[in-house]
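We count residues from 1, following the sequence as given.
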Amino acid sequence: MQNLGKENAIRPGPYKKTLQALLNRDLSGFINEGLAAIDLVVENESHRATPGGTGGVKTIGNYAAALKAQSATKAKGYSDVLYLDSVHNRYLEEVSFCNIFVKGNVIPTPAIEGTIIPGITRKSIPDIAEIQGFQVEERLVSVDELLEADEVFCTEQRVSYGDGIIGSVSQKLYTALTRLQMGLMNDEMNWTVELK
């Protein structure tokens, strides 16, 4: 759902009259089905979001901020960009359009503190991981920790692992998430609502 201004002037700030429009388009070329390995580049020069901004809100400006670095990365043959925090320039934030998790003895993921978009899949993975017997920590995750990890995966509409191999944790969490979404697994979180 999109709110469009209906006034005769273009100006910054909220409009008093708006038109709500539902924009519908085919996303099949944008969304990959299933698991896919991806190659990420750690971006240490530009940042998608900064503290005090709107980085934690799903707005077009947040996606637009990622396009320049993402285009340059894709031109070099990589899948996407992994952004670092803008304060220390050493802690993971997120990938252009998805969140990141790192698997070691526990599954750490960057904490949502206003610069990360809190997507529904990102919100679901910690709950599903805990049911599967994993411990999840939301905290600062350094690039060094990423490089030493057993497994790394991202969430969007899919869960992925780099290095050309789908990791066992990625596979297990992806299977649990999709089985839950399709009603093939007991919903211990009571997320599923039957429509009548």
Taking every heavy atom of Ser86 against every heavy atom of Ala49, the minimum-distance pair comes out as OG-O, 3.5 Å
Residue list, side chain to side chain donor-acceptor pair (under 3.5 Å) with Asn89, at least two apart or on another chain: His47
Can any side-chain N or O of Glu137 pair as donor or acceptor with the backbone N or O of Thr109 at less than 3.5 Å? no
Not counting sequence neighbours, which residues clear salt bridge (Lys or Arg N to Asp or Glu O under 4.0 Å) with Glu145? List them please. Arg139
What residues, two or more places apart in sequence or in another chain, satisfy side chain to side chain donor-acceptor pair (under 3.5 Å) together with Thr175? Gln171
Between the CD1 atom in Ile112 and the CD atom in Glu94, the distance rounded to the nearest 0.5 Å is 8.0 Å
Rounded to the nearest 0.5 angstrom, the SG-CD1 distance for Cys154 and Ile125 is 11.0 Å
Compare all side-chain heavy atoms of Val81 with those of Arg48 and state whether any distance is below 4.5 angstrom. no
If Ile, Leu, Val, Met, Phe, Trp and Tyr residues are connected whenever their side-chain heavy atoms lie under 4.5 Å apart, and connections chain through other members, are Val95 and Val42 in the same group? yes
Look up atom CD1 in Ile107 and atom CD in Glu138, then write down how far apart they are to the nearest 0.5 Å. 12.0 Å
What distance do Leu92 atom CG and Ile116 atom CD1 have between them, rounded to the nearest 0.5 Å? 9.0 Å
With a 4.5 Å heavy-atom cut-off, do Ser170 and Glu151 have their side chains touching? yes
Co-members of Val87 in a cluster of I, L, V, M, F, W and Y side chains, linked at under 4.5 Å: none
Side chain to side chain, Leu180 and Ile128, heavy atoms closer than 4.5 Å: yes
Is there side-chain contact between Thr121 and Leu177, with heavy atoms separated by less than 4.5 Å? yes
According to a 4.5 Å side-chain heavy-atom criterion applied to Ile, Leu, Val, Met, Phe, Trp and Tyr, with indirect links allowed, do Val193 and Met189 form part of one hydrophobic cluster? no
When rounded to the nearest 0.5 Å, the distance separating CZ of Phe134 from CG of Leu173 is 5.5 Å
Check side chain to side chain contact (heavy atoms under 4.5 Å, CB included) between Lys68 and all other residues, then give those that pass, not counting sequence neighbours. none
Verify the cluster assignment for Val136 and Val169: are they in a single hydrophobic cluster under the rule of side-chain heavy atoms below 4.5 Å apart? yes
So, taking the atom named OG in Ser79 and the one named CD in Gln70, what distance separates them when rounded to the nearest 0.5 Å? 10.0 Å
Pairs touching residues 181-191 that satisfy side chain to side chain donor-acceptor pair (under 3.5 Å), sequence neighbours left out: Asp187-Thr192
Identify, with sequence neighbours excluded, every residue that meets side chain to side chain donor-acceptor pair (under 3.5 Å) alongside Glu43. none
Quick check: is Tyr83 connected to Val143 through a chain of hydrophobic side chains (ILVMFWY, heavy atoms under 4.5 Å apart)? no
For Met182, which fellow cluster members are found when Ile, Leu, Val, Met, Phe, Trp and Tyr are connected by side-chain heavy-atom distances below 4.5 angstrom, either directly or through intermediates? Leu184
Using the test ring pair (Phe, Tyr, Trp, His ring centres under 6.0 Å), find all partners of Tyr91 that sit at least two apart in sequence or belong to another chain. His88
Got a sec, which residues hit side chain to side chain donor-acceptor pair (under 3.5 Å) with Thr115, two or more places apart in sequence or on another chain? Glu93
Applying salt bridge (Lys or Arg N to Asp or Glu O under 4.0 Å) to Glu113 and not counting sequence neighbours gives none
Has the side chain of Asp85 got a donor or acceptor atom that lies under 3.5 Å from a matching backbone atom of Arg90? yes
